[in-house]
Amino acid sequence: MDTSAPINLRYEDIALGAEFETAAHTVTEADIAVFADVTRDHHPLHVDGAYARSRGFPAVIGHGLFGLSLMEGLKSELKLYEETSVASLGWDEVKFKGPIVAGDSLRVRFRFVEKRPTKNPARGIVVETLDLLNQRDEVVTAARHISLILTRQADATAAN
């Protein structure tokens, strides 16, 4: 899929059951270290390879929230709502199902599962289920994400 131009899905464009998959990102120790610095969480599992190996991991592992953040970042590269997203309303049912190990190549597979109008006719709510998959097709993080996006009515309102 060419992601150079925004797709800009509106609420009306969302087809329940439609599934998307992102490009992969190979996680480096530097990625994990930067996240540790930004969040101020320097647990040795995330920054000390020897310590991580002593706990049974082959290398440092990413924070659970690193995986959740990466899910959103990879999904945003698809530019599905580049100019139509109003807000993220939250993440539900987040499960950290496996470790994110430095060297893993991760991608997101997600599906639209719910949508509903809001009181404001210019906005609608969309719910996605997402899986963060490693190079072995193992789900390492699973979640539901709720987004507020513009409707076609927003375009009509802006034009007036």
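Sequence positions, counted from 1, serve as the residue numbers for this chain. Hydrogens, waters and symmetry mates play no part in the numbers below; they use all other heavy atoms, side chains included.
Counting only heavy atoms from C-beta outward, the side chains of Phe110 and Leu78 approach each other to under 4.5 Å. Looking at heavy atoms from C-beta onward, Ile100 lies in side-chain contact with Leu132 at the 4.5 angstrom threshold. At a threshold of 4.5 Å between non-hydrogen side-chain atoms, the residues Leu70 and Phe35 do not count as touching. Within the 4.5 Å cutoff, the side chain of Glu83 has no heavy atoms near those of the Leu150 side chain. Under the 4.5 Å side-chain criterion, counting only non-hydrogen atoms from C-beta, Asp92 is not in contact with Val127.
The two residues Val94 and Ala143 make their nearest non-hydrogen contact at CG2-CB, 3.9 Å. Nearest heavy-atom pair across Ala52 and Ala59 is CB-O, 3.3 Å. Taking all atoms of both residues into account, the shortest heavy-atom contact from Leu80 to Thr84 is O-OG1, 4.2 Å. The heavy-atom pair separating Phe57 from Pro99 by the smallest distance is CE2-CB, 3.7 Å. Annotation for Leu130 and Lys75: closest pair CD2-CD, 3.8 Å, computed over non-hydrogen atoms. Here the shortest heavy-atom pairing between Val126 and Tyr81 reads CG1-OH, 4.4 Å.
To the nearest 0.5 Å, atoms CD1 (Ile125) and CZ (Arg116) are separated by 4.5 Å. Taking CG from Asn134 and OG from Ser105, the interatomic distance works out to 8.5 Å, rounded to the nearest 0.5 Å. Atoms CD1 and OG1, on Ile149 and Thr118 in that order, are 10.5 Å from each other to the nearest 0.5 Å. Here the straight-line distance linking atom CG of Asn120 with atom OG1 of Thr151 works out to 7.5 Å at 0.5 Å rounding. For the atom pair Ser88 OG and Leu148 CG, the distance stands at 10.0 Å (nearest 0.5 Å). Between the OG atom in Ser85 and the CG atom in Leu9 there is a gap of 11.0 Å [rounded to 0.5 Å].
Geometrically, Lys115 engages Tyr11 in a cation-pi contact defined by less than 6.0 Å to the ring centre and at most 45° from the axis.
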Check: What's the verdict on side chain to side chain contact (heavy atoms under 4.5 Å, CB included) for Glu82 and Ile7, showing C-alpha distance, side-chain angles and the deciding distance?
Finding: CA-CA 7 Å; Glu82 186 76 5; Ile7 296 169; over 6 Å; no

Notebook entry, point to check: Is there a side chain to side chain contact (heavy atoms under 4.5 Å, CB included) between Arg109 and Leu133 once you walk through the steps?
Noted result: CA-CA 7 Å; Arg109 183 178 302 141; Leu133 303 152; 3.6 Å; yes

Next item on the list: Please assess Thr129 against Arg144 for the test side chain to side chain contact (heavy atoms under 4.5 Å, CB included), listing each intermediate value before the final yes or no.
Entry: CA-CA 4 Å; Thr129 58; Arg144 287 171 50 95; 3.9 Å; yes

Item checked: Pair Arg136-Glu138, salt bridge (Lys or Arg N to Asp or Glu O under 4.0 Å): steps then yes or no -> CA-CA 5 Å; Arg136 293 178 299 281; Glu138 299 164 337; 3.2 Å; yes

Next item on the list: Might you work through the side chain to side chain contact (heavy atoms under 4.5 Å, CB included) test for Thr39 and Phe66, ending with a clear yes or no?
Entry: CA-CA 10 Å; Thr39 61; Phe66 169 82; over 6 Å; no

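The aromatic rings of His46 and His63 sit parallel to each other, their planes meeting at less than 30°, with 60° as the upper class boundary.
Salt bridge annotation for Arg107-Asp137: present, with a cationic side-chain nitrogen under 4.0 angstrom from a carboxylate oxygen.
In summary, the side chains of Asp48 and His43 do not present any donor paired with an acceptor at a separation below 3.5 Å, with no hydrogens or angles considered.
Hydrophobic clustering of Ile, Leu, Val, Met, Phe, Trp and Tyr side chains at less than 4.5 Å, counting indirect connections, keeps Val60 apart from Val47. Linking ILVMFWY side-chain heavy atoms closer than 4.5 Å, directly or via other members, places Leu68 and Ile61 in two distinct hydrophobic clusters. Hydrophobic clustering of Ile, Leu, Val, Met, Phe, Trp and Tyr side chains at less than 4.5 Å, counting indirect connections, keeps Val139 apart from Val101.
Each of Val108, Asp104, Leu74 was evaluated against His25; a single residue qualifies, Leu74, per the side chain to side chain contact (heavy atoms under 4.5 Å, CB included) test. Screening Met71, Glu128, Glu93 for a side chain to side chain contact (heavy atoms under 4.5 Å, CB included) with His145, the sole residue that qualifies is Glu128.
At most 12 non-hydrogen atoms from other residues, nucleotides or ligands lie less than 6.0 angstrom from CZ of Arg123.
Side chain of Glu77 to backbone of Ala23: no donor-acceptor contact under 3.5 angstrom is found.
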